[in-house]
Amino acid sequence: MQTITDKPEIEKLLSRLTTYIANKLHLSTMAAVGAVCMSKVANELAGGKIPEGTSFDELSERLLREVTMAGK
């Protein structure tokens with residue numbers, strides 16, 4: 001299984017995920033950065049554990065579930 005390991009691609013995805021969470025949950029950029037950085041999704045991305053071909057929609061849905069479940 002090939003994984004996403006290209007650093008610029010990972011940084012782009014993390015940036016997009018941060019913007020997505022900030023907009024979706026009406027958070028400040030700093031709060032969204034914190035939420036994304038502490039997420040399992042971000043750790044998997046940074047660790048090269050996300051399969052190539054995984055869509056942004058899949059990642060954002062996972063992240064949203066993870067972030068909203070953490071607040072409950």
side-chain contact (heavy atoms from CB on, under 4.5 Å) between Arg65 and Glu61: does it pass, once the steps are laid out? CA-CA 6 Å; Arg65 277 194 309 272; Glu61 287 174 24; 4.0 Å; yes
Taking only distance into account, with no hydrogens and no angle test, what donor-acceptor pairs under 3.5 Å do side-chain atoms of residues 1-14 form with protein atoms, sequence neighbours excluded?
unit_1, atom_1, unit_2, atom_2, d
Thr3, OG1, Gly48, O, 3.0
Asp6, OD2, Glu9, N, 3.2

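- When every heavy atom of Ser39 is checked against every heavy atom of Ala42, the shortest pair comes out as OG-N, 3.0 Å.
- Using a 4.5 Å heavy-atom cutoff, the side chains of Arg62 and Ile50 are in contact.
- One hydrophobic cluster, built from ILVMFWY side chains closer than 4.5 Å, cannot hold both Met38 and Leu59; they sit in different ones.
- For the pairing with Thr18, the side chain to side chain contact (heavy atoms under 4.5 Å, CB included) check across Asn23, Val36, Leu63 returns one residue only, Val36.
- Looking at residues two or more places apart in sequence or on another chain, you find a side-chain contact (heavy atoms from CB on, under 4.5 Å) between Lys49 and Glu44.
- Remark: Ser28 pairs with no residue by the side chain to side chain donor-acceptor pair (under 3.5 Å) rule, at least two apart or across chains.
- Cluster annotation: Val33 is not connected to Leu27 through the hydrophobic network of ILVMFWY side chains, with a link wherever side-chain heavy atoms come within less than 4.5 Å.
- Heavy-atom minimum distance, Ala32 versus Ile21: CB-CG2, 4.3 Å.
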